[in-house]
Student: 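Take this structure first; my questions come after.
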Amino acid sequence: MSAEIEAGTRSDRGRGLSLSFSRAPYWLIILLILFLITFYAILSSETYASALTFIAEGIQLTIAISVAAYAVALIVGLIIGLGRVSKNPIIYTLATLYVEVMRGVPLLVIIFYAQFVIMPWIDDVLAFQKALLRNTFITGVIALALGYAAYLAEVYRAGIESIERGQSEAARSLGMSHFQTMRYIVLPQAVRRVLPALGNDFIAMLKDSSLLSAIGITELTYWGKTKVAASANTFLGWNTVAFLYLILSLLLSLVVKWIERRTSSGRR
Amino acid sequence: MMQGITKRFGKLVALDNVDLEVRRGEVLMIIGPSGSGKSTLLRCINHLEVPDKGRIVIDGVELNSKSANINKVRAEVGMVFQRFELFPHLTVLENITLAQRIVRGRSQQEAERIARQLLEKVGIPEKAGSYPAQLSGGQQQRVAIARALAMQPKIMLFDEPTSALDPEMIKEVLDVMLDLAREGMTMVVVSHEMGFARAASNRIVFMDQGRIVEMGDPGVFFTNPQHERTRAFLSKILH
(Lines give C-alpha, C1' and ligand atoms only; values in the text may rest on other atoms or scores of the structure.)
Protein backbone atom coordinates (compact mmCIF):
# COMPACT_ATOMS: atom_id res chain seq x y z
CA MET A 1 0.00 0.00 0.00
CA SER A 2 1.47 3.24 -1.08
CA ALA A 3 0.02 5.18 1.83
CA GLU A 4 2.12 3.26 4.33
CA ILE A 5 5.31 3.61 2.38
CA GLU A 6 4.73 7.31 1.89
CA ALA A 7 4.26 7.80 5.60
CA GLY A 8 7.47 5.93 6.32
CA THR A 9 9.64 8.14 4.16
CA ARG A 10 7.86 11.25 5.30
CA SER A 11 8.53 10.57 8.97
CA ASP A 12 12.14 9.68 8.22
CA ARG A 13 12.52 13.05 6.64
CA GLY A 14 10.86 14.60 9.66
CA ARG A 15 13.43 13.06 11.95
CA GLY A 16 16.32 14.44 9.93
CA LEU A 17 14.70 17.86 10.01
CA SER A 18 16.46 19.14 13.07
CA LEU A 19 19.81 17.72 11.97
CA SER A 20 20.47 18.80 8.42
CA PHE A 21 19.60 21.91 6.51
CA SER A 22 19.33 20.28 3.11
CA ARG A 23 16.71 17.94 4.51
CA ALA A 24 14.45 20.76 5.74
CA PRO A 25 10.82 20.38 4.67
CA TYR A 26 10.96 22.88 1.80
CA TRP A 27 7.92 21.21 0.25
CA LEU A 28 5.96 22.30 3.29
CA ILE A 29 7.16 25.87 2.91
CA ILE A 30 6.21 25.93 -0.77
CA LEU A 31 2.85 24.47 0.14
CA LEU A 32 2.32 27.15 2.76
CA ILE A 33 3.07 29.85 0.21
CA LEU A 34 0.59 28.27 -2.21
CA PHE A 35 -1.96 28.19 0.57
CA LEU A 36 -1.43 31.86 1.31
CA ILE A 37 -1.83 32.74 -2.37
CA THR A 38 -5.06 30.71 -2.53
CA PHE A 39 -6.35 32.32 0.63
CA TYR A 40 -5.57 35.72 -0.81
CA ALA A 41 -7.35 34.81 -4.04
CA ILE A 42 -10.40 33.61 -2.14
CA LEU A 43 -10.53 36.77 -0.05
CA SER A 44 -10.00 39.16 -2.96
CA SER A 45 -11.90 37.45 -5.78
CA GLU A 46 -15.67 37.22 -5.58
CA THR A 47 -15.96 34.25 -7.94
CA TYR A 48 -13.42 32.34 -5.84
CA ALA A 49 -15.31 33.15 -2.65
CA SER A 50 -18.60 31.98 -4.12
CA ALA A 51 -16.96 28.83 -5.50
CA LEU A 52 -15.55 28.07 -2.09
CA THR A 53 -18.85 28.46 -0.25
CA PHE A 54 -20.58 26.41 -2.92
CA ILE A 55 -18.03 23.58 -3.08
CA ALA A 56 -17.45 23.50 0.67
CA GLU A 57 -21.00 22.26 1.11
CA GLY A 58 -19.69 18.85 0.14
CA ILE A 59 -17.09 18.72 2.91
CA GLN A 60 -19.57 17.71 5.54
CA LEU A 61 -20.71 14.73 3.51
CA THR A 62 -17.15 13.78 2.60
CA ILE A 63 -16.20 13.69 6.28
CA ALA A 64 -19.40 11.97 7.41
CA ILE A 65 -19.13 9.20 4.81
CA SER A 66 -15.43 8.70 5.43
CA VAL A 67 -15.85 8.43 9.20
CA ALA A 68 -18.84 6.08 8.94
CA ALA A 69 -17.18 3.88 6.30
CA TYR A 70 -13.92 3.81 8.26
CA ALA A 71 -15.69 2.74 11.45
CA VAL A 72 -17.33 -0.15 9.59
CA ALA A 73 -14.08 -1.04 7.82
CA LEU A 74 -12.18 -1.09 11.15
CA ILE A 75 -14.54 -3.77 12.49
CA VAL A 76 -14.94 -5.81 9.28
CA GLY A 77 -11.21 -5.52 8.63
CA LEU A 78 -10.40 -6.82 12.12
CA ILE A 79 -12.63 -9.86 11.64
CA ILE A 80 -11.07 -10.61 8.24
CA GLY A 81 -7.58 -9.91 9.55
CA LEU A 82 -8.16 -12.46 12.32
CA GLY A 83 -9.35 -14.85 9.61
CA ARG A 84 -6.06 -14.29 7.75
CA VAL A 85 -4.04 -15.54 10.74
CA SER A 86 -6.48 -18.32 11.60
CA LYS A 87 -5.27 -21.91 11.63
CA ASN A 88 -8.67 -23.08 10.44
CA PRO A 89 -8.18 -23.66 6.69
CA ILE A 90 -11.77 -22.75 5.77
CA ILE A 91 -11.72 -19.43 7.64
CA TYR A 92 -8.26 -18.63 6.30
CA THR A 93 -9.30 -19.39 2.73
CA LEU A 94 -12.45 -17.28 2.91
CA ALA A 95 -10.59 -14.33 4.44
CA THR A 96 -7.80 -14.55 1.87
CA LEU A 97 -10.31 -14.80 -0.96
CA TYR A 98 -12.03 -11.65 0.29
CA VAL A 99 -8.78 -9.71 0.55
CA GLU A 100 -7.52 -10.75 -2.87
CA VAL A 101 -10.82 -10.00 -4.59
CA MET A 102 -11.31 -6.62 -2.96
CA ARG A 103 -7.74 -5.52 -3.55
CA GLY A 104 -7.83 -6.77 -7.11
CA VAL A 105 -10.90 -4.81 -8.12
CA PRO A 106 -10.69 -1.03 -8.59
CA LEU A 107 -12.55 0.88 -5.92
CA LEU A 108 -14.61 2.65 -8.57
CA VAL A 109 -15.85 -0.72 -9.81
CA ILE A 110 -16.68 -1.75 -6.23
CA ILE A 111 -18.68 1.47 -5.90
CA PHE A 112 -20.64 0.78 -9.10
CA TYR A 113 -21.08 -2.80 -7.97
CA ALA A 114 -22.54 -1.64 -4.67
CA GLN A 115 -24.82 0.84 -6.39
CA PHE A 116 -26.14 -1.32 -9.20
CA VAL A 117 -25.80 -4.90 -7.91
CA ILE A 118 -25.66 -5.14 -4.13
CA MET A 119 -28.15 -2.43 -3.21
CA PRO A 120 -30.88 -3.50 -5.67
CA TRP A 121 -30.35 -7.06 -4.50
CA ILE A 122 -30.76 -6.04 -0.85
CA ASP A 123 -33.85 -4.11 -1.84
CA ASP A 124 -35.28 -7.18 -3.53
CA VAL A 125 -34.56 -9.49 -0.65
CA LEU A 126 -35.68 -7.17 2.11
CA ALA A 127 -38.49 -5.65 0.03
CA PHE A 128 -37.80 -2.10 1.15
CA GLN A 129 -39.35 -0.81 -2.07
CA LYS A 130 -36.18 0.76 -3.30
CA ALA A 131 -35.84 2.87 -0.18
CA LEU A 132 -32.22 1.84 0.28
CA LEU A 133 -31.33 2.42 -3.32
CA ARG A 134 -32.32 5.99 -2.99
CA ASN A 135 -30.14 6.35 0.08
CA THR A 136 -26.82 6.93 -1.63
CA PHE A 137 -25.15 7.65 1.71
CA ILE A 138 -25.53 4.02 2.77
CA THR A 139 -24.38 2.83 -0.63
CA GLY A 140 -21.29 4.97 -0.36
CA VAL A 141 -20.50 3.74 3.16
CA ILE A 142 -20.92 0.10 2.14
CA ALA A 143 -18.76 0.44 -0.95
CA LEU A 144 -15.89 2.24 0.79
CA ALA A 145 -16.08 -0.01 3.87
CA LEU A 146 -16.06 -3.25 1.83
CA GLY A 147 -13.12 -2.09 -0.24
CA TYR A 148 -11.05 -0.72 2.61
CA ALA A 149 -11.80 -3.62 4.96
CA ALA A 150 -9.44 -5.67 2.78
CA TYR A 151 -6.60 -3.18 3.19
CA LEU A 152 -7.19 -2.80 6.92
CA ALA A 153 -7.32 -6.59 7.28
CA GLU A 154 -3.79 -6.76 5.89
CA VAL A 155 -2.66 -4.04 8.28
CA TYR A 156 -4.08 -5.96 11.24
CA ARG A 157 -2.53 -9.20 9.98
CA ALA A 158 0.89 -7.59 9.71
CA GLY A 159 0.47 -6.21 13.25
CA ILE A 160 -0.57 -9.55 14.71
CA GLU A 161 2.30 -11.36 12.99
CA SER A 162 4.79 -8.77 14.26
CA ILE A 163 4.12 -9.73 17.90
CA GLU A 164 6.82 -12.15 19.03
CA ARG A 165 5.79 -15.75 19.44
CA GLY A 166 7.06 -15.74 23.02
CA GLN A 167 4.25 -13.38 24.00
CA SER A 168 1.52 -15.82 23.08
CA GLU A 169 3.54 -18.71 24.49
CA ALA A 170 3.75 -16.88 27.82
CA ALA A 171 0.01 -16.24 27.75
CA ARG A 172 -0.81 -19.83 26.82
CA SER A 173 1.53 -21.15 29.52
CA LEU A 174 -0.59 -19.27 32.06
CA GLY A 175 -3.60 -21.24 30.88
CA MET A 176 -5.18 -18.56 28.69
CA SER A 177 -7.22 -19.82 25.77
CA HIS A 178 -6.39 -18.91 22.19
CA PHE A 179 -9.15 -16.30 22.23
CA GLN A 180 -8.03 -14.77 25.54
CA THR A 181 -4.45 -14.61 24.28
CA MET A 182 -5.58 -12.70 21.20
CA ARG A 183 -7.95 -10.45 23.11
CA TYR A 184 -5.69 -9.47 26.03
CA ILE A 185 -2.12 -9.98 24.85
CA VAL A 186 -1.64 -9.99 21.08
CA LEU A 187 -4.28 -7.57 19.76
CA PRO A 188 -3.64 -4.68 22.17
CA GLN A 189 0.04 -4.71 21.23
CA ALA A 190 -0.62 -5.29 17.53
CA VAL A 191 -3.14 -2.46 17.21
CA ARG A 192 -0.79 -0.07 18.99
CA ARG A 193 1.95 -0.99 16.56
CA VAL A 194 -0.15 -0.44 13.42
CA LEU A 195 -1.93 2.71 14.59
CA PRO A 196 0.00 4.95 12.14
CA ALA A 197 -0.75 2.58 9.24
CA LEU A 198 -4.43 2.55 10.17
CA GLY A 199 -4.40 6.35 10.25
CA ASN A 200 -2.80 6.53 6.82
CA ASP A 201 -5.51 4.30 5.44
CA PHE A 202 -8.09 6.71 6.78
CA ILE A 203 -6.45 9.52 4.83
CA ALA A 204 -6.37 7.33 1.72
CA MET A 205 -10.04 6.51 2.19
CA LEU A 206 -10.94 10.16 2.62
CA LYS A 207 -9.31 10.91 -0.71
CA ASP A 208 -10.91 7.89 -2.38
CA SER A 209 -14.34 9.02 -1.22
CA SER A 210 -14.10 11.46 -4.15
CA LEU A 211 -14.88 8.47 -6.37
CA LEU A 212 -18.37 8.45 -4.90
CA SER A 213 -19.18 11.51 -6.98
CA ALA A 214 -19.52 9.01 -9.84
CA ILE A 215 -22.75 7.64 -8.37
CA GLY A 216 -24.13 11.07 -7.60
CA ILE A 217 -23.24 11.36 -3.92
CA THR A 218 -23.10 15.08 -3.23
CA GLU A 219 -19.66 15.13 -1.58
CA LEU A 220 -16.81 17.52 -2.19
CA THR A 221 -15.79 16.38 -5.67
CA TYR A 222 -19.41 16.27 -6.84
CA TRP A 223 -19.83 19.93 -6.03
CA GLY A 224 -16.55 20.68 -7.72
CA LYS A 225 -17.83 19.03 -10.88
CA THR A 226 -21.15 20.84 -10.88
CA LYS A 227 -19.53 24.14 -10.07
CA VAL A 228 -17.02 23.72 -12.88
CA ALA A 229 -19.81 22.77 -15.27
CA ALA A 230 -21.79 25.83 -14.24
CA SER A 231 -18.99 28.39 -14.30
CA ALA A 232 -16.74 26.92 -16.98
CA ASN A 233 -13.80 28.28 -14.99
CA THR A 234 -12.04 24.93 -14.63
CA PHE A 235 -8.85 26.24 -13.09
CA LEU A 236 -10.68 27.99 -10.30
CA GLY A 237 -13.14 25.18 -9.61
CA TRP A 238 -10.67 22.32 -9.38
CA ASN A 239 -8.17 24.49 -7.56
CA THR A 240 -10.69 24.98 -4.82
CA VAL A 241 -11.49 21.26 -4.61
CA ALA A 242 -7.85 20.28 -4.47
CA PHE A 243 -7.19 22.97 -1.87
CA LEU A 244 -9.91 21.62 0.42
CA TYR A 245 -8.74 17.99 0.11
CA LEU A 246 -5.16 19.06 0.78
CA ILE A 247 -6.11 20.86 3.96
CA LEU A 248 -8.03 17.83 5.22
CA SER A 249 -5.34 15.27 4.46
CA LEU A 250 -2.45 17.40 5.69
CA LEU A 251 -4.19 18.04 8.99
CA LEU A 252 -4.87 14.33 9.32
CA SER A 253 -1.30 13.38 8.48
CA LEU A 254 -0.16 15.69 11.26
CA VAL A 255 -2.41 13.70 13.60
CA VAL A 256 -0.92 10.44 12.31
CA LYS A 257 2.59 11.78 12.83
CA TRP A 258 1.71 12.73 16.37
CA ILE A 259 0.35 9.24 17.03
CA GLU A 260 3.49 7.74 15.50
CA ARG A 261 5.71 9.76 17.78
CA ARG A 262 3.64 8.88 20.82
CA THR A 263 3.63 5.14 20.12
CA SER A 264 7.32 4.95 19.27
CA SER A 265 8.42 6.88 22.33
CA GLY A 266 5.99 4.88 24.46
CA ARG A 267 6.44 1.92 26.70
CA ARG A 268 8.59 -0.13 24.41
CA MET B 1 5.64 -38.16 34.33
CA MET B 2 6.72 -38.48 30.71
CA GLN B 3 6.89 -41.69 28.76
CA GLY B 4 8.49 -42.39 25.40
CA ILE B 5 8.50 -38.77 24.29
CA THR B 6 9.62 -38.31 20.73
CA LYS B 7 9.68 -35.00 18.92
CA ARG B 8 10.92 -34.32 15.41
CA PHE B 9 11.45 -31.03 13.65
CA GLY B 10 11.49 -32.07 10.03
CA LYS B 11 14.27 -34.63 9.80
CA LEU B 12 15.92 -33.60 13.04
CA VAL B 13 15.02 -35.83 15.96
CA ALA B 14 14.95 -33.39 18.88
CA LEU B 15 13.79 -35.92 21.44
CA ASP B 16 14.31 -39.62 21.01
CA ASN B 17 12.05 -41.77 23.14
CA VAL B 18 12.67 -39.96 26.42
CA ASP B 19 11.27 -41.22 29.71
CA LEU B 20 11.35 -38.97 32.72
CA GLU B 21 9.51 -38.84 35.99
CA VAL B 22 9.49 -35.76 38.19
CA ARG B 23 8.57 -36.45 41.79
CA ARG B 24 6.51 -34.10 43.87
CA GLY B 25 8.58 -31.53 45.70
CA GLU B 26 11.72 -32.37 43.78
CA VAL B 27 14.06 -29.96 42.04
CA LEU B 28 15.22 -31.50 38.79
CA MET B 29 17.99 -29.91 36.76
CA ILE B 30 18.41 -30.59 33.08
CA ILE B 31 21.80 -29.81 31.58
CA GLY B 32 23.42 -30.54 28.27
CA PRO B 33 24.95 -28.93 25.20
CA SER B 34 22.83 -26.68 23.03
CA GLY B 35 20.66 -28.62 20.64
CA SER B 36 20.54 -31.56 23.03
CA GLY B 37 16.75 -31.27 23.37
CA LYS B 38 16.59 -29.98 26.95
CA SER B 39 14.44 -26.95 26.17
CA THR B 40 12.24 -28.98 23.86
CA LEU B 41 11.71 -31.53 26.59
CA LEU B 42 10.70 -28.77 29.00
CA ARG B 43 8.32 -27.24 26.48
CA CYS B 44 6.72 -30.61 25.88
CA ILE B 45 5.68 -30.81 29.54
CA ASN B 46 3.04 -28.10 29.00
CA HIS B 47 2.53 -28.81 25.30
CA LEU B 48 4.12 -25.62 23.99
CA GLU B 49 5.67 -28.27 21.79
CA VAL B 50 3.37 -31.14 21.05
CA PRO B 51 5.34 -34.40 21.01
CA ASP B 52 4.95 -36.67 18.03
CA LYS B 53 4.84 -39.72 20.24
CA GLY B 54 4.55 -40.56 23.90
CA ARG B 55 2.41 -39.74 26.92
CA ILE B 56 2.60 -36.92 29.42
CA VAL B 57 0.74 -37.22 32.70
CA ILE B 58 0.66 -34.35 35.16
CA ASP B 59 -0.78 -34.97 38.58
CA GLY B 60 -2.84 -37.87 37.27
CA VAL B 61 -4.16 -35.97 34.24
CA GLU B 62 -3.00 -37.14 30.85
CA LEU B 63 -2.44 -34.36 28.35
CA ASN B 64 -4.34 -34.79 25.12
CA SER B 65 -4.97 -32.54 22.19
CA LYS B 66 -8.28 -31.14 23.48
CA SER B 67 -7.74 -27.47 24.09
CA ALA B 68 -9.89 -27.40 27.23
CA ASN B 69 -7.69 -30.04 28.74
CA ILE B 70 -4.49 -28.29 27.71
CA ASN B 71 -5.57 -24.89 29.05
CA LYS B 72 -6.50 -26.49 32.33
CA VAL B 73 -3.23 -28.35 32.70
CA ARG B 74 -1.20 -25.30 31.69
CA ALA B 75 -2.80 -23.28 34.47
CA GLU B 76 -1.24 -25.80 36.88
CA VAL B 77 2.19 -25.62 35.25
CA GLY B 78 4.09 -22.38 35.73
CA MET B 79 6.69 -21.47 33.17
CA VAL B 80 9.54 -18.98 33.24
CA PHE B 81 11.21 -18.09 29.94
CA GLN B 82 14.73 -17.16 29.03
CA ARG B 83 13.57 -13.81 27.65
CA PHE B 84 11.06 -13.09 30.48
CA GLU B 85 8.14 -12.48 28.06
CA LEU B 86 6.38 -10.02 30.31
CA PHE B 87 3.46 -8.31 28.61
CA PRO B 88 4.91 -4.89 27.70
CA HIS B 89 1.55 -3.10 27.41
CA LEU B 90 0.56 -3.98 30.98
CA THR B 91 1.95 -2.79 34.31
CA VAL B 92 3.77 -5.21 36.58
CA LEU B 93 0.63 -5.57 38.70
CA GLU B 94 -1.56 -6.18 35.65
CA ASN B 95 0.94 -8.73 34.35
CA ILE B 96 0.47 -10.72 37.53
CA THR B 97 -3.30 -10.26 37.94
CA LEU B 98 -4.55 -10.78 34.35
CA ALA B 99 -4.41 -14.59 34.19
CA GLN B 100 -5.61 -14.88 37.78
CA ARG B 101 -8.77 -13.03 36.81
CA ILE B 102 -9.53 -14.45 33.38
CA VAL B 103 -8.26 -18.00 33.90
CA ARG B 104 -8.75 -18.57 37.62
CA GLY B 105 -11.80 -16.31 37.85
CA ARG B 106 -10.54 -14.40 40.88
CA SER B 107 -11.86 -10.96 41.74
CA GLN B 108 -9.73 -7.91 41.08
CA GLN B 109 -9.06 -7.36 44.82
CA GLU B 110 -8.18 -10.98 45.45
CA ALA B 111 -5.83 -11.04 42.44
CA GLU B 112 -4.16 -7.81 43.51
CA ARG B 113 -3.71 -9.00 47.06
CA ILE B 114 -1.96 -12.15 45.81
CA ALA B 115 0.10 -10.15 43.31
CA ARG B 116 1.35 -7.74 45.96
CA GLN B 117 2.24 -10.61 48.27
CA LEU B 118 4.28 -12.22 45.51
CA LEU B 119 6.00 -8.96 44.59
CA GLU B 120 6.96 -8.71 48.25
CA LYS B 121 8.29 -12.24 48.09
CA VAL B 122 10.46 -11.58 45.02
CA GLY B 123 11.66 -8.35 46.60
CA ILE B 124 10.24 -5.62 44.37
CA PRO B 125 6.92 -4.50 45.90
CA GLU B 126 7.61 -0.89 44.88
CA LYS B 127 7.51 -1.78 41.17
CA ALA B 128 3.82 -2.71 41.03
CA GLY B 129 2.86 0.30 38.93
CA SER B 130 5.84 0.23 36.57
CA TYR B 131 5.88 -1.06 33.03
CA PRO B 132 8.24 -3.94 32.17
CA ALA B 133 10.46 -1.73 30.00
CA GLN B 134 11.25 0.37 33.09
CA LEU B 135 12.73 -2.60 34.95
CA SER B 136 16.14 -4.22 34.81
CA GLY B 137 16.43 -7.73 33.39
CA GLY B 138 16.72 -9.27 36.83
CA GLN B 139 13.64 -7.41 38.04
CA GLN B 140 11.71 -8.46 34.93
CA GLN B 141 12.58 -12.10 35.49
CA ARG B 142 11.48 -11.87 39.12
CA VAL B 143 8.15 -10.41 37.99
CA ALA B 144 7.86 -13.28 35.50
CA ILE B 145 8.37 -15.75 38.33
CA ALA B 146 5.75 -13.94 40.41
CA ARG B 147 3.36 -14.01 37.46
CA ALA B 148 3.74 -17.78 37.15
CA LEU B 149 3.45 -18.31 40.92
CA ALA B 150 0.23 -16.29 41.08
CA MET B 151 -1.56 -19.18 39.38
CA GLN B 152 -0.49 -21.38 42.31
CA PRO B 153 1.00 -23.98 39.99
CA LYS B 154 1.81 -27.52 41.07
CA ILE B 155 5.06 -27.47 39.17
CA MET B 156 7.34 -24.71 37.87
CA LEU B 157 9.36 -24.98 34.67
CA PHE B 158 12.40 -22.74 34.18
CA ASP B 159 13.82 -22.47 30.66
CA GLU B 160 17.34 -21.01 31.06
CA PRO B 161 16.01 -18.33 33.42
CA THR B 162 19.36 -16.58 33.91
CA SER B 163 21.05 -16.86 30.53
CA ALA B 164 19.70 -13.53 29.22
CA LEU B 165 20.85 -11.66 32.34
CA ASP B 166 23.88 -9.60 33.16
CA PRO B 167 26.12 -11.40 35.67
CA GLU B 168 25.26 -9.13 38.59
CA MET B 169 21.55 -9.81 38.16
CA ILE B 170 21.80 -13.57 38.06
CA LYS B 171 22.09 -13.88 41.82
CA GLU B 172 18.86 -12.02 42.59
CA VAL B 173 16.93 -14.42 40.34
CA LEU B 174 18.69 -17.51 41.70
CA ASP B 175 17.94 -16.40 45.26
CA VAL B 176 14.24 -16.32 44.47
CA MET B 177 14.51 -19.78 42.92
CA LEU B 178 16.39 -21.08 45.95
CA ASP B 179 13.63 -19.82 48.22
CA LEU B 180 11.08 -21.61 46.08
CA ALA B 181 13.05 -24.84 46.23
CA ARG B 182 13.28 -24.61 50.01
CA GLU B 183 9.52 -24.16 50.22
CA GLY B 184 9.12 -27.50 48.50
CA MET B 185 8.01 -26.35 45.06
CA THR B 186 8.34 -28.98 42.36
CA MET B 187 10.74 -27.53 39.83
CA VAL B 188 12.26 -28.53 36.52
CA VAL B 189 15.13 -26.23 35.64
CA VAL B 190 17.04 -26.07 32.38
CA SER B 191 20.17 -24.14 33.28
CA HIS B 192 23.91 -24.30 33.55
CA GLU B 193 24.03 -22.58 36.93
CA MET B 194 26.07 -25.23 38.69
CA GLY B 195 26.01 -23.35 41.96
CA PHE B 196 22.26 -23.61 41.98
CA ALA B 197 22.47 -27.26 41.00
CA ARG B 198 24.68 -28.02 43.99
CA ALA B 199 22.68 -25.95 46.43
CA ALA B 200 19.14 -26.84 45.47
CA SER B 201 18.73 -29.71 43.06
CA ASN B 202 17.77 -33.25 44.04
CA ARG B 203 18.60 -34.80 40.71
CA ILE B 204 20.52 -33.82 37.62
CA VAL B 205 19.73 -35.03 34.14
CA PHE B 206 22.36 -34.82 31.43
CA MET B 207 21.01 -34.81 27.90
CA ASP B 208 22.74 -35.15 24.57
CA GLN B 209 21.34 -35.60 21.06
CA GLY B 210 17.77 -35.97 22.23
CA ARG B 211 18.47 -38.66 24.81
CA ILE B 212 19.03 -38.76 28.53
CA VAL B 213 22.63 -39.86 28.91
CA GLU B 214 22.90 -39.85 32.66
CA MET B 215 20.76 -39.08 35.66
CA GLY B 216 21.82 -38.85 39.26
CA ASP B 217 21.95 -36.88 42.48
CA PRO B 218 24.28 -33.91 42.33
CA GLY B 219 26.90 -35.27 44.71
CA VAL B 220 27.61 -38.36 42.63
CA PHE B 221 26.99 -36.59 39.35
CA PHE B 222 29.67 -33.97 39.83
CA THR B 223 32.30 -36.04 41.56
CA ASN B 224 31.91 -39.29 39.72
CA PRO B 225 30.08 -39.10 36.41
CA GLN B 226 29.57 -42.49 34.79
CA HIS B 227 29.69 -41.60 31.11
CA GLU B 228 32.57 -40.29 29.06
CA ARG B 229 30.24 -37.76 27.37
CA THR B 230 29.11 -36.37 30.73
CA ARG B 231 32.67 -36.08 31.93
CA ALA B 232 33.71 -34.19 28.79
CA PHE B 233 30.78 -31.80 29.14
CA LEU B 234 31.32 -31.16 32.84
CA SER B 235 34.99 -30.43 32.33
CA LYS B 236 33.98 -27.67 29.97
CA ILE B 237 31.47 -25.94 32.21
CA LEU B 238 33.13 -26.44 35.60
CA HIS B 239 36.23 -24.33 35.85
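Quick note on labels: first sequence line is chain A, next is B, and so on, each numbered from 1. What you are looking at is a predicted structure, and each value in this text was computed from that prediction instead of being measured.
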Student: Would you call Arg116(B) and Glu120(B) a salt bridge, taking side-chain N to carboxylate O under 4.0 Å as the test?
Tutor: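 Salt bridge absent between Arg116(B) and Glu120(B).
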Student: Out of Leu98(B), Val77(B), Ile102(B), return the one with the most heavy atom pairs under 4.5 angstrom to chain A.
Tutor: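 Most heavy-atom pairs under 4.5 Å with chain A: Ile102(B).
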Student: Let me know if Leu86(B) has heavy atoms under 4.5 Å from chain A in its side chain, its backbone, both or neither.
Tutor: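 Only the backbone of Leu86(B) comes within 4.5 Å of chain A.
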Student: Output yes when Lys72(B) and Glu76(B) qualify as a salt bridge under the 4.0 Å nitrogen-oxygen rule, no when they do not.
Tutor: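 Here Lys72(B) does not pair with Glu76(B) in a salt bridge, since their nearest N and O are not under 4.0 Å apart.
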Student: Would Glu260(A) and Lys257(A) pass as an ion pair if we require N to O under 4.0 Å?
Tutor: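 Result for this pair is no, no salt bridge flagged.
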Student: Need one label for Phe87(B): side chain, backbone, both or neither, based on atoms under 4.5 Å from any heavy atom in chain A.
Tutor: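 Backbone plus side chain of Phe87(B), per the 4.5 Å heavy-atom cut-off to chain A.
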Student: Would Asp179(B) and Lys121(B) pass as an ion pair if we require N to O under 4.0 Å?
Tutor: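 Salt bridge absent between Asp179(B) and Lys121(B).
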Student: Tell me, side chain or backbone of Arg43(B) under 4.5 Å from chain A's heavy atoms, or both, or neither?
Tutor: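 Contact with chain A involves the side chain of Arg43(B) alone.
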Student: One thing to verify: whether Glu164(A) and Arg193(A) come together as a salt bridge, which I'm taking to mean a side-chain N less than 4.0 angstrom from a carboxylate O.
Tutor: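 Looking at Arg193(A) and Glu164(A), the cut-off is met.
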Student: Report which part of Arg183(A) has an atom under 4.5 Å of a heavy atom belonging to chain B: side chain, backbone, both, or neither.
Tutor: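 Neither part.
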Student: Which one, Val80(B), Leu48(B), Asn46(B), leads in non-hydrogen pairs under 4.5 Å with chain A?
Tutor: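 Heavy-atom pairs under 4.5 Å are most numerous for Leu48(B).
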